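Everything numeric here is computed off the predicted structure, so don't read it as measured data. Note that these values count all heavy atoms, side chains included, but never hydrogens, waters or copies made by symmetry.
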Amino acid sequence: YTFEYINDGKLDEAEYQGRKVKLNKPKRNSGKGGKYVVYVRDPKTKNVKKLTFGARGMSVKLKDPKRRKSFVARHKCKETKDKMSKRYWACRIGRYPHLFGGKQRYTWW
């Protein structure tokens, strides 16, 4: 795996299986697995990993406050801090409105 650094020293792009990918930017998944995909760098091994998350047949339903509250409680979103977990990214999906066709950002806590 190779890594490229942008001017401020943060890791922005990496190579995953011969392709350049953006790190920590979720997008729609076109392959197997979940509805969304995100590439992250493992701090222990320094390797890039692909995480898929989200149920394909389910809609996000972020506009409904009761559903958001229930989701946050069920997934313990306030406690998750590990970027290497699917739960972390599922909890933060509201911050990326382009993924679910919305215009408003949702942050829950």
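With sequence neighbours excluded, the residues forming a side-chain contact (heavy atoms from CB on, under 4.5 Å) with T45 are D42, N47, listed by chain and number. Annotation: side-chain contact (heavy atoms from CB on, under 4.5 Å) contacts of R74 (sequence neighbours excluded): S70, F71. Scanning for side-chain contact (heavy atoms from CB on, under 4.5 Å) contacts around R67 gives K61, D64, with sequence neighbours left out.
Residue E13 comes nearest to K20 through the heavy atom pair OE1-CD, 3.8 Å, listed as atom of the first residue, atom of the second, then distance. Contact record, G34 with N29: O-ND2, 3.0 Å, taken as the closest heavy-atom pair. Residues P26 and V38 come closest through the heavy atom pair N-CG2, 3.8 Å.
Annotation: salt bridge (charged side-chain N to carboxylate O under 4.0 Å, His left out) contacts involving residues 24-40, sequence neighbours excluded, are absent. Among residue pairs with one or both ends in residues 18-52, those qualifying as ring-ring contact (aromatic ring centres under 6.0 Å, His included) are Y16-Y39, Y36-F53; sequence neighbours excluded.
Under the 4.5 Å side-chain criterion, counting only non-hydrogen atoms from C-beta, L51 is in contact with V40.
Looking at T80, its side chain never comes within 3.5 Å of a backbone N or O of C77 through a donor-acceptor pair. K46 places a side-chain N or O within donor-acceptor distance of the main-chain N or O of P43, the cut-off being under 3.5 Å. A donor-acceptor pair is defined here as one N or O able to donate and one able to accept, closer than 3.5 Å; no such pair exists between the side chain of R19 and the backbone of E15.
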List, one per line, each side-chain donor-acceptor pair under 3.5 Å for residues 96-106, sequence neighbours excluded.
residue: R105; atom: NH1; partner: R95; partner atom: O; Å: 3.2

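Tested against W89, the residues V37, T52, N24 include a single side-chain contact (heavy atoms from CB on, under 4.5 Å) partner, N24.
Remark: K83 NZ to K49 NZ distance equals 16.0 Å, nearest 0.5 Å.
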